[in-house]
Amino acid sequence: MKKTGDEYFDSEEFHELLDEYENAMSTGMPVFMDADELADIADYYQMTERYDEADSAIDLALSLSPGAIAPLSYKIHEALWNGNTDEARSYLEQIDETDEPDYIYDKAEILLAEGEEEKAEQLFQEEFKNVVPEERQDYIVDVANIYVDYNYPEKAMQWMAQAQQEDSSSFKELMARTLFGLGKYKDSEKLWGELIDADPFSKHYWNALSSTQFMNENYSAAIESSEYAIAIDPNDPDGLLAKANGLYRLFNYEEALKYYERYSERVPDDEFGLMHQGTCLINMGRNEEAIEKLHQAEAVAPVDSPYLADIYQELSFAYSETDNEEKALEMLDRADENGADKIQTMVVRGHILLAKGKVAEAEHHFRQAVLSSDEPNLTLLRVIVSLYDNHYLEAAYELFQKFFVIVGKDFDEGYGYMALCCYDLKRYSEFLSYLKKACERCPRECKVAMGHIFPEDLDPKEYYNYIKDRMK
C-alpha cells in the first residue's frame, strides 16, 4: 500500500480494510462494509490519484446506503472542488442524517464557497449552542479547519482562541496552517519544525515547512526543506514544485526548469508548471521554446484559470524578443481580457513599442500608466527600467536622478538599477555609491539587476564589499 503521510491511511487497520475491499472487488464477492468505510477507501484512492477507483467505491457506498452522509459529503467536496455549488447543494439535500455535525459542516462549506462568510458563521454559532461540553473541543477544531481550508484564517484563529491548547500533531498542524494564513510565517515555521522533529519522514510536513520559508523569502532554506520531501518521495509533485519555485526565486532558471519539467510529468494538466517552464526559458533566452511551452499552458488552462493573464503576458514578452510586435501586442490584449493588471500591461505595451523605436507611442502608454497608477513611484520605476532595457541609457540615468528627488529618502527601490546604469555608462564612482545603497536597502532588487556581474552564490548584501575588496 502506498504511503500517504496520513496516520490512518498508513495504519495496519486501514491496510486490512483496503485488502478486504480489493480482494472482494477482484473476485466478484459481495462487499460487507458500511458507507463510512467505503468513503474512507474512496478518500485514500483520491489521495493516491486512483480517481476511477475512488468513484467506484463512492458509487458502491451510495448504492448500499443512498442517504448516507459520508459518501454524499465526498460528492459535495468533489462538486465544490469543481466550483459547482448547485451540484453540491443537490447532494446536501439527499443526506438523511441532518442532525449530524458533518451535515452542518457541509452546509457551511457550501456557503463559504459562495462567499457567504456571515451566513456560515451564523450556522456554526447556532450549532455550537447544541454541542455538549465534552464534544466542544472537537467541534471548535473542526470549524477552524474548515475556515483554514477556505482561506479565512482570521475566523479560524477566533475559533482556535476558544479551544483548549493541545500538544497533539493535528492541533499543532492546524495552528501552523492558521498562522501561515495570517502571514505569521516565523511562528508557523516553528510549529512545522516541531512536527518534523516528531515525524521526520512526513513529506507533508517538509513541504509545509518549505512553503512557509518560501513566503518568508528564505529561498535557500525552502529548497533544502523541499529536498527532504523529495528524498522521502522522489515523485512527490508538491516537493518538486516547491524546489522549482525556490530555484526560480534565486534566479537559477536552468535548474528550476528541470524541476518544473519533473513536476509537469507528474501533473501534466496544471498550467502553472507549464507557464513557469516558459518563464524560465524566456530568462534563458530560449524564446521560441518558451512560446511553444506557454501555448501548451494556455491549452490546458481552464477558462477561469487565474494564470491565463500571466500566460498571455509572458507570451507577449517572448514574442517581443523574437521581433514579432504584432503577436506581442495581441497577447497583451488577451491578457487584458483575462483580468491582467491594466497598469502592468500599459508599461509592457510601452516597452514593446519602445523596442521597435516607436518612442512617441511608447511615451503615451508610459505616461498613461504612471498617471493611472495607485503606486505611481513604483510604476515610474518600471518605466525607467524599460528605458534601460531598451538601451536608452542616458535617458534612464537622467530620469533616475529626478526619480530619487521625487520619491525622497524613505523609498528603498531603484538603487540597484541606477547602479547598473552607472556601471554601463562607466560612471564608476556613482556606481559604487548607488551599489552601496542598493546592498543596504534593497538586496533582492540588487540581485535581480546586477546578479549577472557577481558570483552566483554571493549574497547580494555583500556585492559592495566584494567590489571594495577587489579594488584593494
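Keep in mind it's a predicted model, so treat the numbers as computed, not measured. The figures that follow rest on heavy atoms only: side chains count, while hydrogens, waters and symmetry mates do not.
Rounding to the nearest 0.5 angstrom, the gap separating the CD1 atom in Ile146 from the CG atom in Leu112 is 7.5 Å.
Using a cutoff of 4.0 Å between basic side-chain nitrogens and carboxylate oxygens, Glu217 and Arg444 are not scored as salt-bridged. Salt bridge status for Arg50 with Glu22: present, with a side-chain N to carboxylate O gap under 4.0 Å. Using a cutoff of 4.0 Å between basic side-chain nitrogens and carboxylate oxygens, Lys258 and Glu255 are scored as salt-bridged. Look at Lys293 and Glu261 and you find no salt bridge, because none of the NZ, NE, NH1 or NH2 atoms lies under 4.0 Å from a carboxylate O. Classification of Lys75 and Asp106 as a salt-bridged pair fails, no side-chain N sitting under 4.0 Å from a carboxylate O. Checked for salt-bridge contact, Glu330 and Lys327 meet the test: a charged N lies under 4.0 Å from a carboxylate O. Using a cutoff of 4.0 Å between basic side-chain nitrogens and carboxylate oxygens, Asp336 and Arg349 are scored as salt-bridged.
Looking at every heavy atom in both residues, Ile76 comes nearest to Ala88 through CG1-O, 3.6 Å. Listed here is the closest heavy atom pair of Asn283 and Tyr248: ND2-OH, 3.9 Å. The two residues Arg286 and Leu257 come nearest to each other via the heavy atoms NH1-CD2, 4.2 Å. Closest approach of Tyr259 to Ala244, counting heavy atoms only: CB-CB, 3.7 Å. Looking at every heavy atom in both residues, Asn207 comes nearest to Ala229 through OD1-CB, 3.2 Å. Smallest separation of non-hydrogen atoms from Gly239 and Ile230: O-CD1, 3.6 Å.
Annotation: side-chain hydrogen bond (donor to acceptor under 3.5 Å, both in side chains) contacts of Glu254 (sequence neighbours excluded): none. Judged as a side-chain hydrogen bond (donor to acceptor under 3.5 Å, both in side chains), and not counting sequence neighbours, the contacts of Glu462 are Asn465. Here Asp236 pairs with Lys203 under the salt bridge (charged side-chain N to carboxylate O under 4.0 Å, His left out) rule; sequence neighbours left out. Considering only residues two or more places apart in sequence or on other chains, Asn145 meets the side-chain hydrogen bond (donor to acceptor under 3.5 Å, both in side chains) condition with Arg177. In this view, Tyr45 satisfies the ring pair (Phe, Tyr, Trp, His ring centres under 6.0 Å) rule with no residue, not counting sequence neighbours.
Annotation: side chain of Ile140 is not in contact with side chain of Asp142 (no heavy-atom distance under 4.5 Å). A heavy-atom distance below 4.5 Å is found between the side chains of Glu173 and Trp192. Side-chain contact check for Tyr139 versus Phe124: some heavy-atom pair is nearer than 4.5 Å.
One side chain, Trp159 or Glu121, offers a donor N or O that lies under 3.5 Å from an acceptor on the other. Remark: the Gln213 side chain and the Tyr185 side chain contain no N/O donor-acceptor pair separated by less than 3.5 Å.
No option in Leu179, Val148, Leu182 other than Leu182 meets the side chain to side chain contact (heavy atoms under 4.5 Å, CB included) test with Pro153.
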Legend entry - Derivation of the salt bridge (charged side-chain N to carboxylate O under 4.0 Å, His left out) call for Glu189 and Lys184: CA-CA 9 Å; Glu189 182 177 343; Lys184 297 183 177 182; over 6 Å; no

Inset, instruction - Applying salt bridge (charged side-chain N to carboxylate O under 4.0 Å, His left out), run through Arg334 and Glu337 and close with a yes or a no. - result: CA-CA 5 Å; Arg334 292 195 187 179; Glu337 291 165 6; 5.7 Å; no

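Applying the ring-ring contact (aromatic ring centres under 6.0 Å, His included) rule to pairs touching residues 215-247 yields Trp206-Tyr228, Phe214-Tyr219, sequence neighbours excluded.
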